[in-house]
Amino acid sequence: MATTHLTTQILRQTPPVCGSCRRATTTGTSSSSPLTITFKTRKESSPKNQKFKWARKLSLVEQSSPSKPTVDVEGLATFLYDDLPHLFDDQGIDRTAYDEQVKFRDPITKHDTISGYLFNISLLKVLFRPLFQLHWVKQTGPYEITTRWTMVMKFMPLPWKPELVFTGTSVMGINPNNGKFCSHVDFWDSIENNEYFSLEGLWDVFRQLRVYKTPDLETPRYQILKRTANYEVRKYEPFIVVETIGEKLSGSNGFNAVAGYIFGKNSTTEKIPMTTPVFTQALDPELSDVSIQIVLPSEKDISSLPDPSQETVKLRKVEGEVAAALKFSGKPTEDVVREKEKALRSNLMKDGLKPRMGCMLARYNDPGRTWSFTMIVQSTSHSSVAAPNH
């Protein structure tokens, strides 16, 4: 199927910065260094938000400050940094850190024993091949620790092996009598109703199982920092493009020129492997000053690439950017692209982010032959703002 991306740049958040975070997330391919960014939304500005109240009801303890703390909560947080990355690998988590009657909840799953909890992990490993990335761990109550994570999974039983992405937080209650975890409640960023059993959560799973496929070609590497109902926040690694002047975001003018470069119209007649996507980018408010770009293979270095044969074709290194990506269906006409860009920009503003002017559309096949299938629209950000720490 065909796919497309659009990008706008995020400056800084409009509520105040709240804390710090660690980032190490990927999708498809791994990324290099962790990203630290900070913003908070109206609905998730604090771990003491309304949505956490029912999570605390599962805990065996009151979250009031004890006169003499008996549990090394800081030590448990350090333990989770080391232990949770093994959630789905062969080593697995340390079950001795959990009560036998630990209460686990996510929007569609419920277990009340450590055996049930471990069975759920084993089932996910068989069906989904999950990749778990832990962003940060911090104490949020006298006997409570909150973590932020991303989980990327491929559903293996279906022939097209769809990729499912979930990001969110886990609130973990601690039993003060033995220092073990007695509750673990997950909250997904992509839904409003996180209480078990959430039909909204079940629908969020099913809608990610649709047939959606991009060409099996190299694409720029990125990390998924957060997935909401309306967009994904991503961190792209640097990549190199060959570009020339385009006509409009949805257009294909200039494609033959940049495609010619990789097919041998360069100073050494070198043929360079094809990648995806094809970008069209506009940096002006009217979205009319457009360039068209093809991404070059990641093993290429800009200093060793041959020069373009045409003066209007240039090579450029794109530095790593933070991006918000919105997926949509249908052929990306100019009206559709502009409508999706406005919707994406509006959703970013609602969540406390201020996008810069301009945008980028990314299509995953020849833009002159794009059919009416699934596309992606993406709003990029070079930013000093950084990712969700709530």
Side-chain angles (χ1 to χ4, degrees), residues 17-27 30-40 44 46-49 52 55-56 58-59 61 63 69-99 102-106 114 117-118 120-122 124-125 129-153 165-176 178-189 223-227 233-235 386-390:
V17 169
C18 174
S20 63
C21 61
R22 299 191 182 185
R23 295 275 171 263
T25 57
T26 62
T27 180
S30 62
S31 178
S32 54
S33 57
L35 168 73
T36 300
I37 64 180
T38 49
F39 67 76
K40 63 180 181 178
E44 296 184 320
S46 167
K48 301 185 186 301
N49 193 275
F52 289 94
R56 292 198 176 103
L58 294 177
S59 177
V61 299
Q63 291 296 328
T70 57
V71 176
D72 181 9
V73 180
E74 184 177 343
L76 286 174
T78 300
F79 163 79
L80 288 176
Y81 264 124
D82 296 331
D83 192 61
L84 286 179
H86 298 292
L87 193 61
F88 296 106
D89 66 17
D90 292 337
Q91 175 178 322
I93 59 172
D94 184 356
R95 68 173 292 160
T96 65
Y98 296 82
D99 270 346
V102 62
K103 300 178 186 297
F104 173 80
R105 303 285 188 277
D106 71 19
I114 184 61
Y117 180 43
L118 294 176
N120 183 63
I121 293 172
S122 298
L124 290 175
K125 288 172 66 175
R129 301 291 194 275
L131 176 64
F132 179 82
Q133 301 105 21
L134 181 65
H135 304 328
W136 51 254
V137 181
K138 60 187 176 184
Q139 182 176 355
T140 50
Y143 297 106
E144 179 185 275
I145 293 174
T146 299
T147 68
R148 172 162 278 282
W149 44 265
T150 293
M151 191 159 64
V152 181
M153 309 186 296
V165 179
F166 299 92
T167 67
T169 53
S170 298
V171 180
M172 305 182 70
I174 305 165
N175 187 336
N178 58 18
K180 295 185 177 184
F181 294 108
C182 57
S183 64
H184 177 152
V185 184
D186 286 350
F187 298 93
W188 298 353
D189 295 324
Q223 307 170 322
I224 297 179
L225 304 178
K226 184 176 183 180
R227 174 181 165 265
V233 178
R234 302 172 176 179
K235 171 65 169 66
N389 69 338
H390 35 271

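The chain is numbered in sequence order, starting from 1.
Residues Met172 and Leu80 are in side-chain contact: their nearest non-hydrogen atoms beyond the backbone lie under 4.5 Å apart. You'll find the side chain of Trp136 stays beyond 4.5 Å of the side chain of Trp149, heavy atoms only. Taking the side chain as every heavy atom from C-beta outward, Ile121 and Phe88 approach each other to under 4.5 Å.
Atom CD1 of Ile174 is separated from atom NZ of Lys180 by 13.5 Å, given to the nearest 0.5 angstrom. Atoms CZ and OG1, on Phe187 and Thr146 in that order, are 8.5 Å from each other to the nearest 0.5 Å. For the atom pair OG1 (Thr150) and NZ (Lys226), the distance works out to 10.5 Å, reported to the nearest 0.5 Å. The CD atom of Glu144 sits 9.0 Å away from the CD atom of Gln139 when rounded to the nearest 0.5 Å.
Taking the six-membered ring where tryptophan is involved, the planes of Trp188 and Phe166 are tilted, since the angle between them lies from 30° to 60°.
Contacts classified as salt bridge (charged side-chain N to carboxylate O under 4.0 Å, His left out) and involving residues 74-96 (residues at least two apart or in different chains) are given here: Arg95-Glu100.
Nearest heavy-atom pair across Ile145 and Thr140 is C-OG1, 4.0 Å. Taking all atoms of both residues into account, the shortest heavy-atom contact from Asn175 to Cys182 is N-SG, 3.7 Å. Contact between Met151 and Gln133 at its shortest, heavy atoms only, is N-OE1, 4.4 Å. For the residue pair Leu124 and Pro130, the shortest heavy atom distance occurs at O-CD, 3.3 Å. A pairwise comparison of heavy atoms in Leu134 and Arg148 identifies CD1-O, 3.6 Å as the closest pair. The two atoms that bring Ile114 and Asp99 nearest to each other are CB-O, 3.8 Å, heavy atoms only.
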Derivation of the side-chain contact (heavy atoms from CB on, under 4.5 Å) call for Tyr117 and Phe181:
CA-CA 12 Å; Tyr117 180 43; Phe181 294 108; over 6 Å; no
CA sep, side-chain torsions, deciding dist, call: Phe104, Leu118, side-chain contact (heavy atoms from CB on, under 4.5 Å)
CA-CA 10 Å; Phe104 173 80; Leu118 294 176; over 6 Å; no
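The side chain to side chain donor-acceptor pair (under 3.5 Å) search around Tyr98 returns none, not counting sequence neighbours. In this view, Arg129 satisfies the salt bridge (charged side-chain N to carboxylate O under 4.0 Å, His left out) rule with no residue, not counting sequence neighbours.
No donor-acceptor distance shorter than 3.5 angstrom exists from the side chain of Ser183 to the backbone of Lys103, with no hydrogens or angles considered.
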